[in-house]
Amino acid sequence: MSKLRVYQLAKELNITSKALIEKLKELSVEVNNHMSTLEDEEANLIIELFTEDDHSKKPTKEVIHGTDEEEELVKKVASNKIVNTQSDNKNKGGKNHKGNANKNKNNHKGRESKLEENMEIKETNNNDMKIIEIDQKIVVKDFAELLGKRVSDIIGKLIQVGVMAAMNQEIDFETAAKVAKEFDVEVVEKAVSQDEEDETDFIVIPEDDEKDLKPRPPVVTVMGHVDHGKTSLLDAIRNTKVTTREAGGITQHIGASEVQVNGKKIVFLDTPGHEAFTAMRARGAKVTDIAILVVAADDGVMPQTIEAINHAKAAEVPIIVAVNKIDKPGANPDRVKQELSEHGVLIEEWGGEVISVEVSALQGLNIEELLEMILLVAEMEELKANPNRDAVGTVVEAQLDKGRGPVATVLVQNGTLKVGDSVVIGTSHGRVRAMISDTGKRVKSATPSTAVEITGLSDVPAAGDQLIAVADDKMARTIAEKRVNKIKEEQLKSSQKVSLDALYSQMQAGEVKDLNIIVKADVQGSVEAVKQSLAKLSTDKVIIRPIHGGVGAITETDVMLASASNAIIIGFNVRPTSGATALSQKEEVDLRTYRIIYKALEDIEAAMKGMLDPEFKEVELGKAQVRATIKVPNVGLIAGCYVTEGKIVRNAQLRLVRDGIVIHEGNIGSLRRFKDDVKEVATGYECGIGIDHFNDVKEGDVIEAFKMEEIARD
Ligand SMILES: Nc1nc2c(ncn2[C@@H]2O[C@H](COP(=O)(O)OP(=O)(O)OP(=O)(O)O)[C@@H](O)[C@H]2O)c(=O)[nH]1
């Protein structure tokens with residue numbers, strides 16, 4: 001136990017455990033977390049490194065006498081430290097841009113902004129070595145400017161390292177590093193700062209200056225296998241410790257609760273389990289500082305225990321094990337600890353670093369001790385935030401309340417949230433109308449690591465959405481609107497319209513899980529019959545949803561509905577209006593018409609299996625309006641027509657449409673202009689059309705001529 005732990009050394013060196021772990025990793029010293037122990041040599045090396053670095057700024061080579069490779073590493077550590085220190089200074093100016101603008105004053109006119117965005121120079125007094133931060137790529141002339149060299153010099157060096165590049169071409173980081181080395185300059189990759197990432201969300205969250213940071217309470221999530229006592233443990237904690245400052249204080253369920261231990265606060269997220277935890281993480285939110293892993297002593301490590309371990313590890317959140325149900329006759333805490341070790345969770349008694357506490361949630365045993373351990377781990381984590389700034393937080397829970405409108409529980413993670421603040425949360429915005437604490441008390445402000453329920457939002461945000469307090473309502477609304485538009489654009493870009501032809505591949509790709517269908521038919525009876533038969537085709541892979549049905553022609557409104565809800569349209573004995581056909585092409589809506597129901601069902605079934613093979617596709621030739629009917633002896637009824645679209649071709653197939661409904665489908669028997677048989681009649685001409693085996697044509701009907709064409713399938 002005499003060995004130094006990471007956090008102890010970090011304290012000694014006055015840096016964070018995290019920073020120390022990073023340095024150690026760079027020196028190839030394997031450490032897991034702040035509780036890891038260090039070999040004496042490792043600790044000494046680090047101490048020497050840091051003290052040398054801080055006081056004399058001498059080249060660190062003198063500190064250790066190792067191989068060239070080690071010296072390289074040490075050099076890197078030393079230079080990184082300088083970079084870090086300076087980037088901290090940079091942040092004192094608030095946003096990046098300001099600080100850089102001054103630095104780049106000497107740059108050529110007109111180039112400042114680009115250079116500001118891409119790079120910055122950091123001079124150090126370490127052996128007069130210059131360090132430059134650059135992005136993954138840099139344009140040769142910018143690079144030259146940054147190095148203070150002539151472009152020709154740079155191109156010359158590039159040739160030496162085997163890279164041919166013109167002044168306006170980009171070179172990659174590695175190449176830049178090689179060239180820079182020739183000029184005794186070290187190149188480090190520019191870290192993507194929080195600021196830059198946030199810009200894509202249309203807002204920049206300024207970084208805090210180290211000196212403004214104050215300790216903040218830990219936020220804890222309880223995880224573990226089903227029935228191991230997560231809820232009971234949370235209840236036990238609340239029962240003993242909930243801050244009931246109000247007389248008869250009613251604990252309100254707001255998704256998180258606070259407890260006070262020895263005058264210190266701990267925040268518990270109320271939704272136990274790693275699912276909620278990971279769902280938030282998937283959305284980029286990190287709210288949990290410490291995970292309590294509950295394992296029932298009578299049951300041991302179970303599948304969800306392992307899952308919880310993996311999720312906590314993936315999120316790099318320290319674990320405290322609560323071995324629960326120790327009151328039970330079959331309880332065997334040692335077995336639990338052994339099993340945990342088999343899954344990479346080494347308890348202290350087993351020579352590891354993970355703290356464990358044996359508890360009984362039911363009897364309230366050792367709950368106090370568990371809470372103290374949480375505070376201990378929290379202390380080592382050095383959790384900090386700046387209470388004197390605009391709030392940043394994360395939504396833990398949200399719902400629509402009948403009386404109060406959208407309600408969200410927000411965990412304030414930085415800054416202080418106040419009633420009246422304008423906020424943007426995901427695509428929702430608003431002004432904080434009221435805030436309620438976990439004890440149901442109205443509060444005016446919430447400091448870091450405080451969960452409050454807020455009202456006053458435009459919409460219900462999603463758990464995991466980030467709250468950012470902004471200058472005013474207008475700004476909040478503008479940002480929210482921009483985000484909505486961005487989402488719309490992205491959806492537009494990514495949304496591939498569903499179609500029967502592509503259904504199978506879309507299903508395979510996971511793009512389609514619901515097949516929305518709009519049904520139009522000639523009579524209501526058919527609409528219902530088709531909707532029901534279609535719904536029955538649903539499988540475990542695709543659910544068929546007839547989202548709309550109606551009688552009559554397929555109209556533009558049907559197409560717009562299909563487009564908006566990514567549906568296909570199926571028509572029985574009905575036709576699309578001309579406008580609908582054109583719109584369906586523009587909107588890429590799959591529109592299909594059938595004469596027989598079973599044929600449609602067959603097509604959809606085949607499409608779901610990827611076996612849709614309609615070998616033929618209808619090609620529309622033209623349309624003609626029936627303006628008169630003429631009885632011709634021995635021939636039958638002839639339709640006197642006027643061609644309105646395309647052309648009518650003899651021997652083509654035809655469809656007789658009355659008020660959008662297909663009355664007949666067959667072949668053109670005869671086509672005449674005046675007394676002559678003709679092969680085709682074009683738009684704007686009159687003609688007489690005889691329909692094979694059909695005599696029921698009426699004035700006002702529309703004759704559509706089409707042919708079937710074989711289509712090649714991909
Ligand atoms: N004897 C004993 N029983 C306990 C203890 N803690 C919880 N239980 C019992 O174990 C059962 C499950 O407890 P819960 O707290 O619901 O467990 P959970 O992990 O929240 O379960 P899920 O929410 O279903 O995942 C309940 O019947 C509890 O009464 C304990 O310390 N001792």
Side-chain angles (χ1 to χ4, degrees), residues 1-13 16-47 218 220 222-225 228 233 274 288-326 331-360 365-366 368-382:
M1 288 303 281
S2 67
K3 287 208 173 89
L4 214 51
R5 288 189 191 264
V6 168
Y7 77 92
Q8 290 168 325
L9 180 56
K11 261 202 175 132
E12 210 151 289
L13 294 169
T16 63
S17 301
K18 211 171 150 200
L20 179 57
I21 289 170
E22 267 162 30
K23 301 276 182 256
L24 286 164
K25 278 192 181 148
E26 278 176 58
L27 285 170
S28 302
V29 178
E30 277 301 315
V31 282
N32 291 327
N33 54 35
H34 54 269
M35 290 291 284
S36 302
T37 50
L38 293 165
E39 294 299 324
D40 291 346
E41 311 88 85
E42 291 166 350
N44 286 338
L45 169 65
I46 287 285
I47 292 167
V220 180
V222 176
M223 304 197 217
H225 192 71
H228 278 198
L233 185 64
H274 55 266
T288 304
D289 299 311
I290 297 166
I292 304 292
L293 181 68
V294 180
V295 192
D298 62 335
D299 203 20
V301 170
M302 298 303 277
Q304 281 173 283
T305 318
I306 300 166
E307 269 179 47
I309 293 170
N310 293 337
H311 286 247
K313 280 190 174 168
E316 293 178 7
V317 168
I319 294 174
I320 297 177
V321 175
V323 182
N324 190 29
K325 306 196 187 184
I326 52 160
N332 187 349
D334 284 339
R335 202 192 74 205
V336 171
K337 288 171 196 174
Q338 190 206 320
E339 286 173 355
L340 282 170
S341 71
E342 286 160 17
H343 290 96
V345 178
L346 268 184
I347 307 291
E348 276 192 308
E349 301 153 56
W350 282 70
E353 290 134 15
V354 178
I355 294 172
S356 81
V357 185
E358 293 175 18
V359 299
S360 163
L365 264 177
N366 290 345
E368 196 91 8
E369 197 183 331
L370 175 66
L371 295 171
E372 277 165 16
M373 288 305 138
I374 294 173
L375 286 179
L376 183 79
V377 173
E379 209 167 285
M380 293 187 293
E381 288 292 303
E382 297 180 37

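What you see below is based on every heavy atom in this structure, not just the backbone, and it leaves out hydrogens, waters and symmetry mates. Remember, it's a predicted structure, so these values are computed and weren't measured experimentally.
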Taking C-beta and beyond as the side chain, do Ile347 and Val336 meet within less than 4.5 Å on heavy atoms?
no

Nearest heavy-atom contact between Ala378 and Ile290 is N-CD1, 3.8 Å

Between the CD1 atom in Ile306 and the CG atom in Leu293, the distance rounded to the nearest 0.5 Å is 10.5 Å

- Item | More than 12 heavy atoms of other groups within 6.0 Å of Glu342 CD | yes

Heavy atoms of Val317 and Ala291 approach each other most closely as CG1-N, 3.4 Å

CG (Asn366) and CG (Leu371) are apart, to the nearest 0.5 Å, by 10.5 Å

Heavy-atom closest pair (Ala43 atom, Leu9 atom, distance to 0.1 Å) is CA-CD2, 4.2 Å

Value for CD (Glu353) from CD1 (Ile319), rounded to nearest 0.5 Å, stands at 12.0 Å

Do His343 and Lys313 come close enough that some side-chain heavy atom pair is under 4.5 Å? no

inquiry  = Show, in sequence, the C-alpha distance, side-chain angles and deciding distance for Leu38 and Leu24, and conclude whether the side-chain contact (heavy atoms from CB on, under 4.5 Å) test is met.
reply    = CA-CA 10 Å; Leu38 293 165; Leu24 286 164; 3.9 Å; yes

Taken to the nearest 0.5 Å, the spacing of Ile292 CD1 from Leu233 CG works out to 7.5 Å

To the nearest 0.5 Å, atom CG of Leu370 lies from atom CD1 of Ile355 at 10.0 Å

Note to self: Using only atom types and a distance under 3.5 Å, with no angle test, would you say the side chain of Glu339 pairs donor to acceptor with the backbone of Val301?
What the structure shows: yes

State whether the side chain of Asn324 and the backbone N or O of Val294 hold a donor-acceptor pair below 3.5 Å, judged by distance alone.
no

Minimal heavy-atom distance between Gly224 and Ala308, with the atoms involved, is N-CB, 4.2 Å

dist Leu20:CG -> Lys25:NZ (nearest 0.5 Å) comes out at 11.0 Å

Q.
Do Asp299 and His228 pair up side chain to side chain, a donor and an acceptor below 3.5 Å, judged on atom types alone?
A. yes

Practice item. Would you indicate whether the side-chain heavy atoms of Ser356 and Glu348 approach each other to under 4.5 Å? Key: no

Taking every heavy atom of Lys325 against every heavy atom of Ala296, the minimum-distance pair comes out as CD-CB, 3.9 Å

